[in-house]
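What follows is a short report on a single structure.
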Amino acid sequence: MTNPAIAAVFAQIADLLEFQGTNPFRIRAYRNAARTIEDLPESLADIADDENRSLTDIESIGKDLAAKIVELLQSGSLSILDDLLAEVPESVLAILRVPGLGPKRAAALYNELNVTTLDELRRVCESQLVRQLKGFGAKTEQAILQGLELAAESQQRILWAQADVHVQAILAHLYQCDTIERLQPAGSFRRGKETVGDLDFLAVACDCGSAMDHFAAYADTAKVLLRGETKMSIRLSDGLQVDLRVVPAESFGAALQYFTGSKAHNIVLRGKAKARELKINEYGVFRGGSEKPVAGHTEEEVYAALDLPCFPPELREARREFDWADSGELPRLVETQDIRGDLHVHSTWSDGVGTIEEIAEAARKHGLKYVAITDHSKRLTIANGLDSARLRRQWAEIDRLNRRLKGFTVLKGVEVDILERGGLDLDDDVLAEADWVVAAVHYGQNQSREQITRRVIEALENPCVCAIAHPTGRKLMQRKAYEIDLDAVLAAAGKNGKMMELNAHPIRLDLDDVGCAAAKNHGVPVVIATDSHRVDELGMMRYGVQQARRGGLTAADVANTRSWAKMKKMIGKS
DNA sequence: GCCGTTTTCGGCCCGACTGTTTTCAGTCG
């Protein structure tokens, strides 16, 4: 059983226990464990098999949960889950997902009105049975009906890059408000998560009321969801929820820290504050019962009050950042300016729209020193993939161009297909002439885990291959990753001195953050590359860098922060 | 159910907003 599957079981148990109203801390223990397992860069099966290690060494896994993991690994099922499902119909969990309905109300609806499905929920609301329950009223009934509609619209998350468009537009609008003195987006957007569920803005304003009036007047506002003295939520026409919090200037740092999260990071932080007899909230850090904060103006100040460094937002996920801080090993994360070359770009020779010369010019404008032209190989007929003859003609053109270019190098590359039956789409003799070869799975994505893993490992064992492009094939919110044993692939990459691509396209971001951390564990250098098909896509590099930062990568961990001469040595091409 | 520089028992983050109440429970982030 894989880590994600085990994490899903624990998350489901947490949901079921929540519905039953058991001890909230027991529920949290299951949730914490699920999250830890999702983030774990190694497979639980491997740790369980290793005689020298124990599952209980993993944070938030104790004796009890370790035994449950073993039960899952050995039998594929878990008795406590079967018991819970016998008591609570699985369909009621959908009710918990309706906005405005938590465990208490969902349980009341189930116990008093026998509601087990969303359809039944709608029916009892429409027939006004809900308002007769204790603690419910007409407004709650209406709110549930609206929540049901919202759930039906399948409130999706959006890509970080799409969220960025909203953020810039909302910032521009809010900056026009005279009473707003400071402004900053927070939440998962600031942490650079690959997808974003809602947007949070934080402001200092001399007049809360006018700031919120201005916010509500945003052109794309579809509805004001709630409005209090300092907090307001709106929904945009596309369904995205946007929150604005107005705080006093002396609390801005504390509020920024608080609303940047993550929730799990904040819980750990609060625990640490408590151990020092400090209290931390969105208004500041307080000692004892004192109302005068010891910190709050800036985030640096807030963290410093707890003897902690000001963590880059991308690391605030309660993964390893606190351990790193304790041991003084907080990594200095890679930055976009560190990147010297782009190693995955398509030209008009296959399915790109820019000529090689246009790409070189654009890359130079992005401050890069080299770019690899990596058009598709012939198997990708739909993309006008190149056979060895066309590839050699293309490389002759690149040679001619390089003679004219000063201080910039175009690399002769190719994105060679890993064929369904195994093996590569081009012969070794032509691949050996390339500067840079990325191998990629495009066909046979529905094959078994064993088949796909074997194909990719075989590609890694080919001396001509430098890296694997978009290693899991996922497309965010469109297509799941194909079945692949990433751990085995990374081990093979490490053994063969190969690299892994972090594809920077905002819909791929593949490797993901956990995958980046896993690559680092295996000593495998990561190459951040845009997979541009148009010259204006070269700017997507920053999305990839952001993902690498979330994975805790430094400039040294990212191969293409080096000059091409040094990269060449790393891949044994010189 | 986890965890321990105060602890193997007794803690486990904290505040805003809404609706249903008439002082607070439930939900959310």
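Throughout, a chain's letter reflects where its sequence line sits, starting with A, and its residues are numbered from 1. Keep in mind it's a predicted model, so treat the numbers as computed, not measured.
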Separation of the [atom1] atoms in [N] and [M], to the nearest angstrom:
N      : M      : atom1 : value
B/dT8  : B/dG1  : C1'   : 14 Å
B/dC17 : B/dT21 : P     : 22 Å
B/dC13 : B/dG19 : P     : 28 Å
B/dC28 : B/dT22 : C1'   : 24 Å
B/dT20 : B/dT27 : C1'   : 14 Å
B/dC12 : B/dT6  : C1'   : 15 Å

A/N23 side chain, from C-beta outward: closest of B/dG15, B/dG1, B/dT20: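 That would be B/dG1.
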A/K139 side chain, from C-beta outward: closest of B/dG19, B/dG1, B/dC13: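 Nearest to the side chain of A/K139 among the choices is B/dG19.
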Give every pair of a protein N or O atom and an N or O atom of nucleotides 25-29 of chain B that lie under 3.5 Å apart, one pair per line with the distance.
residue : atom : partner : partner atom : Å
B/dT27  : OP1  : A/G102  : N            : 2.8
B/dT27  : OP1  : A/G102  : O            : 3.2
B/dT27  : OP1  : A/R105  : N            : 2.9
B/dT27  : OP2  : A/K104  : N            : 3.2
B/dT27  : O5'  : A/G102  : N            : 3.4
B/dC28  : OP1  : A/G100  : N            : 2.6
B/dG29  : N7   : A/K263  : NZ           : 3.4
B/dG29  : N2   : A/Y258  : OH           : 2.5

So, [X] and [Y]: side-chain donor and acceptor under 3.5 Å apart, yes or no?
X      : Y      : result
A/D220 : A/H166 : no
A/E321 : A/H265 : yes
A/D57  : A/S54  : no

Heavy-atom donor-acceptor pair, A/S251 side chain to A/A254 backbone, under 3.5 Å: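 No.
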Has [X] got a side-chain N or O lying under 4.0 Å from the OP1 or OP2 atom of [N]?
X      : N      : answer
A/R26  : B/dG1  : yes
A/N266 : B/dC13 : no
A/R227 : B/dA16 : no

First of A/R245 and A/K274 reached from the 5' end of DNA chain B, by closest nucleotide: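 Upstream on the strand: A/K274.
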Residue whose closest nucleotide on DNA chain B lies nearer the 5' end, A/F136 versus A/T230: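 The residue mapped nearer the 5' terminus is A/T230.
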A/D323, CG: over 12 other non-hydrogen atoms inside 6.0 angstrom: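 Yes.
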Sugar-phosphate, base or nothing in reach of A/A254, heavy atoms under 4.0 Å: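 No contact.
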Touch class at under 4.0 angstrom, heavy-atom based, for A/K134 against every strand present: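 The residue A/K134 makes no contact with any strand.
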Under the side chain to side chain donor-acceptor pair (under 3.5 Å) test, residues paired with A/R123 that sit two or more places apart: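 In terms of side chain to side chain donor-acceptor pair (under 3.5 Å), with neighbours along the sequence ignored, A/R123 is linked to no residue.
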Nucleotide opposite B/dT27 in a Watson-Crick or G-U pair, distances under 3.5 Å: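 Its partner is B/dA16 (Watson-Crick or G-U wobble, both distances under 3.5 Å).
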A/H214 and A/H173 aromatic ring geometry - parallel, tilted or perpendicular at 30°/60° bounds: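 Rings of A/H173 and A/H214: parallel, under 30°.
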